[in-house]
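Below: one structure, written as structure tokens.
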Number of protein chains: 2
Amino acid sequence: MSDLHIQTVSSYELGLKLDMNPAQIRKDLAYFGEFGRKGIGYDVSYLIEKIKQILKLDRFLKIGLVGAGHLGIAISNYNQYIKENFSIRAIFDTDPQKVGQKIGSAEVFHLDDLQREIEDKGIQMGIITVPAQEAQKVADRLIDAGIRAILNFAPVNLKVPPNVYLRNADLTTELQSLAYYL
Amino acid sequence: MSDLHIQTVSSYELGLKLDMNPAQIRKDLAYFGEFGRKGIGYDVSYLIEKIKQILKLDRFLKIGLVGAGHLGIAISNYNQYIKENFSIRAIFDTDPQKVGQKIGSAEVFHLDDLQREIEDKGIQMGIITVPAQEAQKVADRLIDAGIRAILNFAPVNLKVPPNVYLRNADLTTELQSLAYYL
DNA sequence: TAGATTGTTAATCGATTAACAATC
DNA sequence: TAGATTGTTAATCGATTAACAATC
């Protein structure tokens with residue numbers, strides 16, 4: 001039974017797995033506090049918890065997605081895989097045909113109800129999958145509704161205030177890096 | 001007229017724009033050859049051409065996309081924006097309803113015709129937007145057909161030989177980095 | 001206790017920046 | 001020529017690795 005459950009791991013073992021120098025690993029971990037025990041190593045499950053904390057993966061994020069087009073639908077469905085830490089709680093569109101439908105596990109609301117649903121559902125993050133020319137307007141509305149983190153799929157440079165974190169999911173960048181390695 | 005057309009730029013000016021040290025810029029550029037002229041600076045249009053060459057953005061890439069689902073359709077349409085350096089030349093799916101249709105500017109072919117179309121059209125790169133459980137099979141077929149660069153959107157770790165460059169477009173990573181900054 | 005392994009200080013290495021001869 | 005600016009060598013800085021006292 002002795003080695004059926006690995007309880008601890010040394011910086012040396014981690015270094016082998018991660019192809020890193022053990023001293024580097026010890027230094028990195030020590031930066032966030034004293035995790036390990038001298039002569040013993042690091043408690044694996046405690047370490048996992050700590051790393052989750054450090055990477056802020058120990059919380060649950062509620063997402064609002066704007067734009068129930070092909071990309072929006074794809075992401076909403078994809079969402080089901082990654083339920084652990086994130087979930088799309090509401091989808092917004094202006095198309096009356098789409099409003100009221102369910103996509104994945106979330107309902108489609110009219111864009112005009114954005115503020116209300118974000119507040120009601122405690123949504124913290126926005127995903128924008130509308131056409132480029134609509135994206136800035138949508139971003140502004142999300143920000144007005146209190147959203148401080150936005151993932152933008154529209155191929156346009158959005159202007160957001162400095163207290164809002166914006167990330168662009170840019171297909172072009174991905175393609176370029178592939179082109180480079182070709 | 002003298003300053004209507006800026007012909008050259010100094011490492012100092014570039015440094016201001018890019019928020020980098022001028023020496024760093026000179027060193028980086030000099031690494032790829034002698035671009036600049038002493039006492040003058042860098043010829044702007046020549047520099048742009050050179051950088052495109054360095055980043056391998058001076059060529060045109062033909063793409064084959066497998067999986068005409070929501071995500072595949074979204075990317076095919078999106079594609080119209082970025083025609084400069086890339087274009088999706090063929091889309092593959094097994095759904096007979098979709099075969100023969102046009103999405104964006106590309107035609108949908110049956111997956112069985114993958115090899116033929118890739119050869120006929122000189123396609124160099126593959127994008128995978130099929131469900132996770134199909135992705136490995138599709139990757140294998142692309143590789144068999146001679147593709148050496150794949151952008152994978154399926155949430156699965158594909159196994160590819162070392163001479164194939166694989167890039168995963170992972171929504172989870174994007175969301176996590178947003179979560180971090182929240 | 002002896003062996004193992006941490007956290008941290010000291011040594012090494014590499015990357016960034018400054019300085020300068022070459023030259024436009 | 002004098003001023004400007006490169007490419008590159010030398011100096012500086014920071015990050016990585018090695019070494020080791022502390023201790024389980």
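Quick note on labels: first sequence line is chain A, next is B, and so on, each numbered from 1.
- One atom, CZ of A:R26, and another, P of C:dT5, lie 11 Å apart when rounded to the nearest Å.
- In this structure, the side chains of B:E107 and B:Q101 stay at 4.5 Å or more apart for every pair of heavy atoms.
- In this structure C:dT5 sits in a base pair with D:dA22, meeting the Watson-Crick or G-U test at under 3.5 Å.
- If you find the closest nucleotide of DNA chain D to B:G36 and to A:P22, the one lying nearer the 5' end belongs to B:G36.
- The nearest whole Å value for the distance from the NZ atom in B:K38 to the P atom in C:dC20 is 16 Å.
- One interatomic measurement links the two molecules: CG of B:D43 to P of D:dT6, which rounds to 13 Å at whole-angstrom precision.
- Within 6.0 Å of the CG atom in A:N157, the count of heavy atoms belonging to other residues, nucleotides or ligands does not exceed 12.
- Atom P of nucleotide D:dT5 and atom CD of B:Q7 are separated by 15 Å, given to the nearest angstrom.
- Here the P atom of nucleotide D:dC24 and the OH atom of A:Y42 are 14 Å apart, to the nearest Å.
- Toward the 5' end of DNA chain D, the nearer of the two residues B:A23 and A:R37, judged by each one's closest nucleotide, is B:A23.
- When each of A:G39 and A:Y31 is assigned the nucleotide of DNA chain C bearing its nearest heavy atom, the one mapping closer to the 5' terminus is A:G39.
- Between the side chain of A:K27 and the base of D:dT17 there is at least one donor-acceptor pair of N/O atoms closer than 3.5 Å.
- Within the shown strands, D:dT12 is the pairing partner of C:dA15 under the Watson-Crick or G-U definition, both distances less than 3.5 Å.
- If you measure from atom CD1 of A:I40 to atom P of D:dT23, you get 14 Å, rounded to the nearest angstrom.
- Distances shown here put every side-chain N or O of A:S11 at or beyond 4.0 Å from the OP1 or OP2 atom of C:dT5.
- If you check the side chains of B:E49 and B:Q53, you find no donor sitting under 3.5 Å from an acceptor.
- Residue A:R37 places its CZ atom among 12 or fewer non-hydrogen atoms of other residues, nucleotides or ligands, all under 6.0 Å distant.
- For A:Q24 and C:dT6, the CD to P distance is 14 Å, given to the nearest whole Å.
- In this structure, OH of B:Y46 is placed 15 Å from C1' of D:dT6, rounded to the nearest angstrom.
- Under the 30°/60° scheme for interplanar angles, the aromatic rings of B:Y181 and A:Y165 are found to lie parallel.
- An OP1 or OP2 oxygen of C:dT17 is reached within less than 4.0 angstrom by no side-chain nitrogen or oxygen of B:Y12.
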